[in-house]
Amino acid sequence: VKYFYEWNKNLVLRGKDRNKEQSYFLSLVESFVFQKLVLPLGDLTKKEVVEKAKTLGFPFESESQDICFIEGNHVSFLEQFISPPHGLFVLKDGTVVGKHEGYHRYTIGQRRGLGVSYGKPLYVVEIDAKNNRVVLGEKKDVLKDTVYVWNVNWHLEYEKVKGLKGLQVQIRYRSRPVPVDSLEYLKNGIYCVKLAAKVEAPAPGQVCAFYSGDLLLGGGEITKEGEG
């Protein structure tokens, strides 16, 4: 967290350790929180933190991975509360190519574990929960150079964000930031973000975080065009 005199407020910067820094997850936190927030590990790497902790007598054996606060995986966790029935795998034109074991088991962009035999690799391109269908397509069908984002939590006013140079977005924690060609407000809280390069599988519900260089500008939820 750093104070910026030109905007008279604290804002968040990426941490020193690019493999472990967590600024992406702070994109939905309202900016008033940062005005009294201290993040003392931002200028240290994970290795440096571990070494300091050990010298103070704190044990360190391993680090948590994925959803570390539940038992099992996300599928078994969800099935404690929901039990969507089996349904159909279909192509974009509606052709049935197999049966799925519940749409909650699949994510946009997934290729492995589908259990579908076809002449070419297939990817999940859409989850149609209403009709209990999982839509499959080719690699090109999950590559997008335009994303729609709604309910954006801006850390700076939108008009100021538009005037910044080097605007980028990050659509998942481990993905690389992608330069933004244009950012336009549409209506009903939805923004159209045109990218300088295609990104793989931007899925509705994922967080899209906005940056200018290392400066976190906010974030919102990816949605389908015209939805929100």
Side-chain angles (χ1 to χ4, degrees), residues 24-25 27-28 65-67 70-152 169-178 180-184 186-210 219-228:
Y24 172 82
F25 297 107
S27 64
L28 300 186
Q65 300 287 341
D66 299 321
I67 310 178
I70 64 173
E71 293 185 6
N73 57 33
H74 73 280
V75 172
S76 61
F77 176 76
L78 288 174
E79 289 178 347
Q80 297 178 46
F81 309 97
I82 61 173
S83 54
H86 292 197
L88 298 176
F89 281 122
V90 299
L91 300 181
K92 294 173 66 179
D93 63 4
T95 302
V96 176
V97 292
K99 295 182 179 180
H100 68 69
E101 299 179 350
Y103 60 78
H104 65 296
R105 291 175 169 264
Y106 308 96
T107 59
I108 303 296
Q110 181 176 338
R111 182 174 71 87
R112 299 183 183 278
L114 301 180
V116 174
S117 179
Y118 199 68
K120 60 184 69 175
L122 293 176
Y123 298 77
V124 176
V125 299
E126 182 183 353
I127 296 174
D128 182 0
K130 181 178 180 180
N131 297 301
N132 194 23
R133 303 190 309 173
V134 176
V135 183
L136 305 179
E138 299 179 41
K139 176 77 169 184
K140 63 182 178 62
D141 297 318
V142 298
L143 299 175
K144 307 292 182 181
D145 59 9
T146 300
V147 295
Y148 296 88
V149 187
W150 80 295
N151 198 24
V152 177
V169 296
Q170 186 173 330
I171 65 165
R172 57 176 60 87
Y173 173 47
R174 288 296 187 184
S175 68
R176 292 184 177 182
V178 178
V180 173
D181 271 348
S182 67
L183 172 64
E184 179 186 2
L186 301 180
K187 60 180 180 179
N188 300 325
I190 299 176
Y191 295 81
C192 176
V193 187
K194 293 187 180 297
L195 306 174
K198 290 187 176 183
V199 293
E200 184 173 343
Q206 286 179 186
V207 170
C208 177
F210 293 85
E221 181 181 332
I222 295 175
T223 184
K224 294 182 180 179
E225 181 179 1
E227 293 186 359

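Because the structure is a prediction, the values reported are computed rather than measured.
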All pairs passing salt bridge (charged side-chain N to carboxylate O under 4.0 Å, His left out) where residues 194-208 contributes a residue, at least two apart: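 For residues 194-208: K139-E200.
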
Which atoms form the tightest heavy-atom contact between [X] and [Y], and what is the distance?
X	Y	result
P85	H100	O-CE1, 4.0 Å
V142	G109	CG1-CA, 4.3 Å
E138	V125	O-CG1, 4.5 Å
S182	V180	O-CG1, 3.3 Å
Y24	A209	CD1-CB, 3.7 Å

Treating [X] as the side-chain partner and [Y] as the backbone partner, does any N or O pair qualify as donor plus acceptor under 3.5 Å?
X	Y	value
R172	A201	yes
Y103	G87	no
N73	V75	yes

Between [atom1] of [X] and [atom2] of [Y], what distance do you get to the nearest 0.5 Å?
X	Y	atom1	atom2	answer
D181	D145	CG	CG	8.5 Å
L114	Y123	CG	OH	10.0 Å
L88	D128	CG	CG	10.5 Å
L28	C208	CG	SG	10.0 Å
D141	L91	CG	CG	10.0 Å

Quick check on side-chain contact (heavy atoms from CB on, under 4.5 Å): which of V193, L186, I222 does Y148 satisfy it with? L186

Scan H104, R105, Q110 and name whichever one has a side-chain contact (heavy atoms from CB on, under 4.5 Å) with T107.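 It is Q110, the one option of H104, R105, Q110 that forms the side-chain contact (heavy atoms from CB on, under 4.5 Å) with T107.
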
Apply the test side-chain contact (heavy atoms from CB on, under 4.5 Å) to residues S175 and V199: give CA-CA distance (whole Å), side-chain angles for both, the deciding distance (0.1 Å), then the verdict. CA-CA 9 Å; S175 68; V199 293; over 6 Å; no

Whether over 12 other heavy atoms sit under 6.0 Å from R174 CZ: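 Atom CZ in R174 is crowded, with more than 12 foreign heavy atoms closer than 6.0 Å.
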
Exceeds 12 heavy-atom contacts within 6.0 angstrom, atom CD of E71: no

Run the side-chain contact (heavy atoms from CB on, under 4.5 Å) check on L183 and Y191 step by step: do they pass? CA-CA 7 Å; L183 172 64; Y191 295 81; 4.1 Å; yes

Using side-chain contact (heavy atoms from CB on, under 4.5 Å), reason through L136 and V124 one step at a time and then give a plain yes or no. CA-CA 5 Å; L136 305 179; V124 176; 3.9 Å; yes

Pair F89 + Y106: ring centers closer than 6.0 Å: yes

Residue set satisfying side chain to side chain donor-acceptor pair (under 3.5 Å) with Y173, at least two apart, ordered chain then number -> Q22

